[in-house]
Trainee: 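Quick one: structure below, then a few questions.
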2 protein chains.
Amino acid sequence: MTEPSLLRIGDLAAATGTKIVTIRYYEKIGLLPAPPRTGGNYRAYSTTHRERLSFIRRSRALGFTLDEIRELLELSADTERDCAAVDRLVTSHLVEVEDKIADLQRLASELRRMKESCRGGTIDDCRIIEALSSQPTLP
Amino acid sequence: MTEPSLLRIGDLAAATGTKIVTIRYYEKIGLLPAPPRTGGNYRAYSTTHRERLSFIRRSRALGFTLDEIRELLELSADTERDCAAVDRLVTSHLVEVEDKIADLQRLASELRRMKESCRGGTIDDCRIIEALSSQPTLP
DNA sequence: CTTGACCCTATAGTGGCTAGAGGGTGCAGC
DNA sequence: GCTGCACCCTCTAGCCACTATAGGGTCAAG
């Protein structure tokens, strides 16, 4: 009996909101194991693959790098292990995200300041261009 | 008389807080014009180059893409032009930055929620791993 | 058989750098 | 003049996470 839960790559893509080329990419870099093939050389994915790919995509959506996801997958497979390592990964990632937010907020403030200095006119009187041209270079 | 303001690439790099390889990269992609060379094939940069590179670096620091900077440079060279185009570039960039901040804040909230659900223990009881494994996949 | 939807591999590209290999130049000190 | 060190040069490939494209095969309905 043909296993009804085996998926072709397009089905898996639809089921997980992933592009087909991205699935192939993940296989290439070893993040997703290569599945068995049909007689026609089509990939045949099981539920296990679908679950793993969903995990990957959720983690990506949360901004984890592929290497971090690799680590999370390894941790998740080790069911007897203490989950402090997972906590540490999430914590450090959260810190990075918060740092990035702070950076962007500083950047946004400066852009707003520049915008507010603009009074219209021509380029040779442009306060924005002036700001980009004349402030001391930050190291 | 040798022009005292001519800089070697290392000097220009130091003066503008840019890496040498980055200066060469900008020249390669046409963002910074190729300077004249010494007899020994060293690049000889003028004040004009330094000013242009400073402009580029300030714009990069504000998160503008190289293509946007290309556009800003063109606008800044057209001194009789109305500066509304500059304003528009800055505005749309600010919107992008604000959108990115909002995205990251949503992401940070979710990571915090995940962290707070963690009660320690082993992986098979790990709420973080559960969250990554079981939520409905977002399209 | 034909056709259209789907699948396959391989390669190169995106953006903004960055690293490294292999070789040349300039100048101070001996 | 020679040496050694700091600097310069070109070229190529790589980083990260995809993404596009070329060229060809498979499958199933009509």
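Chain letters run A, B, ... following the sequence lines, proteins first and then strands; every chain starts at 1. The figures here come from the full heavy-atom set of this structure, side chains too, leaving out hydrogens, waters and symmetry mates.
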Trainee: With a 4.0 Å limit, can you tell me whether B/R8 has a side-chain N or O closer than that to the phosphate oxygens OP1/OP2 of D/dC7?
Mentor: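 So the side chain of B/R8 is outside the cut-off, no N or O lying under 4.0 Å from OP1 or OP2 of D/dC7.
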Trainee: For the backbone of A/F64 and the side chain of A/R60, can you confirm whether one donor and one acceptor N or O come within less than 3.5 Å of each other?
Mentor: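 Checking the backbone N and O of A/F64 against the side chain of A/R60, a donor-acceptor pair under 3.5 Å is found.
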Trainee: Would you classify A/R24 as touching base, sugar-phosphate or nothing, given that sugar-phosphate means primed atoms plus P, OP1 and OP2, and contacts are heavy atoms under 4.0 Å?
Mentor: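 Base, at least one base heavy atom under 4.0 Å.
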Trainee: Hey, does A/I20 reach any base, or is it just sugar-phosphate, or nothing, if we go heavy atoms under 4.0 Å?
Mentor: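 The answer is sugar-phosphate, as A/I20 gets under 4.0 Å only of primed atoms, P, OP1 or OP2.
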Trainee: Remember a base hit wins even if backbone is also touched, and classify A/Y26 as base, sugar-phosphate or nothing at under 4.0 Å, heavy atoms.
Mentor: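 Since only primed, P, OP1 and OP2 atoms lie under 4.0 Å of A/Y26, the category is sugar-phosphate.
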Trainee: Counting heavy atoms from C-beta on, name the nucleotide in D/dC9, D/dT12, D/dC27 closest to the side chain of B/K28.
Mentor: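 Taking heavy atoms from C-beta onward, the closest nucleotide is D/dT12.
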Trainee: Could you give the CD1-to-C1' distance, from A/I23 to D/dT19, as a whole number of Å?
Mentor: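 For the pair A/I23 CD1 and D/dT19 C1', the rounded distance is 14 Å.
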Trainee: Check this for me: does any side-chain nitrogen of one of B/E74 and B/R81 sit under 4.0 Å from a carboxylate oxygen of the other?
Mentor: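 Result for this pair is no, no salt bridge flagged.
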Trainee: Tell me, which pairs form a ring pair (Phe, Tyr, Trp, His ring centres under 6.0 Å) where one or both residues lie in residues 104-128 of chain A, sequence neighbours left out?
Mentor: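 For residues 104-128 of chain A, and leaving out neighbouring residues, there are no ring pair (Phe, Tyr, Trp, His ring centres under 6.0 Å) pairs at all.
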Trainee: Looking only at atom types and distance, does a side-chain atom of B/H93 sit under 3.5 Å from a main-chain N or O of B/L62, one as donor and one as acceptor?
Mentor: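 Answer holds: yes.
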Trainee: Atom CD1 of A/I9 and atom P of D/dT26: how far apart are they, to the nearest Å?
Mentor: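 The distance from CD1 of A/I9 to P of D/dT26 comes to 17 Å, rounded to the nearest Å.
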Trainee: What nucleic acid atoms does B/T38 come within less than 4.0 Å of, heavy atoms only: base, sugar-phosphate, or nothing?
Mentor: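 Here B/T38 touches no strand at all.
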Trainee: Between A/Y42 and B/K19, which is nearer to the 5' end of DNA chain C once each is assigned its nearest nucleotide?
Mentor: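 By nearest-heavy-atom nucleotide position, the 5'-most residue is A/Y42.
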Trainee: For a quick test of reading the model: is some side-chain N or O of A/T22 closer than 4.0 Å to OP1 or OP2 of D/dT19?
Mentor: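 A/T22 to D/dT19 OP1/OP2: side-chain N or O found under 4.0 Å.
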Trainee: I'd like the 5' and 3' limits of the part of DNA chain C contacted by chain B, with heavy-atom contacts below 4.0 Å.
Mentor: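 Endpoints of the contacted stretch of DNA chain C: C/dG16 to C/dG26.
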